[in-house]
Amino acid sequence: MMQKDGCGQAGWPSQPRDIDEFVSDMLRKGDELYRDLPWRNVDDPYAVLVSEIMLQQTQVSRVGRFWERFLSAFPTLDALAAAAVPDVLELWQGLGYNRRALALKRTADQCAAEGEGRLPETCEGLLALPGIGPATAAGVVAFAYQRPAVYLETNVRSVFLHELFPAEEAVSDKVLLPLVEAAAFHPVAAADPRRWYYGLLDYGAYLKATVPNPSRRSSGHTRQSAFEGSRRQKRAWITRRVLAAPEGVRRAVVLADLNKAELAAARPEVDAELFASIIADLLTEGFFREEAGLLIP
DNA sequence: TTCCAGAGCG
DNA sequence: CGCTCGGGAA
């Protein structure tokens, strides 16, 4: 879009480079670094959603195999809605963040019940579903529906920080969002949202492999706590243990087995209070249920 | 050690 | 906002 008054387009900084040049440069970089990933140029919104959920905080290299297995087991939203939770969780094992599997399953349930087995076509509609936040909703809109959207995730963030804030520290998303929006709705980018964001993702991934992670200069950037010995390592272990017992298993047995594993790994024993707290969380979140003293998947 | 196509909760 | 949530590759 041409600038109307010489003050720059709304939401775009008037300083170093104008938006036309930025969009054009990024498209060129993106085409040059294009990665032909299995979930790209796929029209099925459900298949795109599954990829977006799996890719939340999860590296691309890990997702490929899981995405294909998941879609072949649950090819449609209705198929996922008809599936049993333990089967969904079982397929998710090894991918991480098991909550995502539960949320995806609930999304399928809701769409099957209220949406005639179809996903909403707007960001607002998608945002109302469990496990779908601003980034995932925008990803589905851009990649499945081919409509411009504000898709701000770590690779896109890295590109904007690297290109437009090369020296600043602690840049907030509040500053970045209007820029991401202005660029996405720029006519040249908006003409092909898939191409626009595939390019930003690929360029962002390239940057992380070649320069210090630009996203470290995001104000929201935090480092994760260690996984080894953590509560969530125990959560994951317990989830697997219960999944392995289709007929159910007593708490005491799970705790004893868990402590065997902890001992074998040279970690301290898990006390009853911590164990009960983790079980309570997992029950509340719907990983399994408890009936007659048995934990049942 | 670091961080990953984030979301949901208090 | 700050915290939690998996698991592996580099």
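To find a chain, count down the sequence lines: A is the first, B the second, and so on, and within it residues start at 1.
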Could you measure between the two P atoms, the one in C/dT4 and the one in B/dA5, and give it in whole Å?
23 Å
Could you tell me whether [X] contacts a base, only the sugar-phosphate backbone, or nothing, with contacts defined as non-hydrogen atoms closer than 4.0 Å?
X        : result
A/Thr136 : sugar-phosphate
A/Gly204 : nothing
A/Leu37  : base
A/Tyr151 : base
A/Trp67  : nothing

Short side-chain N/O contact from [X] to OP1 or OP2 of [N], under 4.0 Å:
X        : N     : answer
A/Lys208 : B/dC4 : yes
A/Thr154 : B/dC4 : yes
A/Arg240 : C/dG7 : yes
A/Arg100 : B/dG6 : no
A/Arg157 : B/dA5 : no

How close or far is atom [atom2] of [N] from atom [atom1] of [X], stated in whole angstroms?
X        : N     : atom1 : atom2 : answer
A/Glu153 : B/dA7 : CD    : P     : 10 Å
A/Arg65  : C/dG8 : CZ    : C1'   : 11 Å
A/Phe287 : C/dC5 : CZ    : P     : 10 Å
A/Arg223 : B/dT1 : CZ    : C1'   : 8 Å
A/Arg62  : B/dG6 : CZ    : P     : 13 Å
A/Gln57  : C/dG8 : CD    : C1'   : 14 Å
A/Asp202 : B/dA5 : CG    : C1'   : 11 Å
A/Leu104 : B/dG6 : CG    : C1'   : 14 Å

Taking the nucleotide of DNA chain B with the nearest heavy atom to each, does A/Ala226 or A/Asn155 sit closer to the 5' end?
A/Ala226
Residue whose closest nucleotide on DNA chain B lies nearer the 5' end, A/Gln56 versus A/Gln224:
A/Gln224
Taking atom types as they are modelled, would you say the side chain of A/Gln59 forms a donor-acceptor pair with the base of C/dG8 within the 3.5 Å cutoff?
yes
Mark yes or no for a side-chain to base donor-acceptor pair under 3.5 Å between A/Thr58 and C/dG6, with no hydrogen or angle criteria applied.
yes
Between A/Glu121 and A/Arg147, is there a salt bridge with N-O shorter than 4.0 Å?
no
State whether A/Lys29 and A/Asp25 are salt-bridged, where the test is any N-O pair (Lys NZ or Arg NE/NH1/NH2 against Asp/Glu carboxylate O) under 4.0 Å.
no
Between protein and nucleotides 8-10 of chain B, what N or O pairs are separated by less than 3.5 Å?
from, atom 1, to, atom 2, distance (Å)
B/dG8, OP1, A/Gly131, N, 2.5

Between A/Arg195 (side chain) and A/Ala191 (backbone), is there a donor-acceptor pair under 3.5 Å?
no
Check for me whether the distance between the ring centres of A/Tyr97 and A/Trp92 falls short of 6.0 Å.
no
Parallel, tilted or perpendicular, judged at 30° and 60°: which one describes the rings of A/Phe22 and A/Trp12?
tilted
Mutual orientation of the aromatic rings belonging to A/Phe74 and A/Phe70 [parallel < 30°, tilted 30-60°, perpendicular > 60°]
perpendicular
Need to verify one output field. Residue with the more 5' nearest nucleotide on DNA chain C, A/Ser61 or A/Ser172?
A/Ser172
With nearest nucleotide decided by heavy atoms, which residue, A/Lys174 or A/Asp281, maps closer to the 5′ end of DNA chain C?
A/Lys174
Within the structure provided, determine whether A/Asn259 and A/Phe275 are in side-chain contact (heavy-atom separation under 4.5 Å).
no
With a 4.5 Å cut-off on side-chain heavy atoms, are A/Arg35 and A/Val60 touching?
yes
If hydrophobic clusters are built by linking Ile, Leu, Val, Met, Phe, Trp and Tyr wherever their side-chain heavy atoms come under 4.5 Å apart, do A/Tyr34 and A/Val48 end up in the same one?
yes
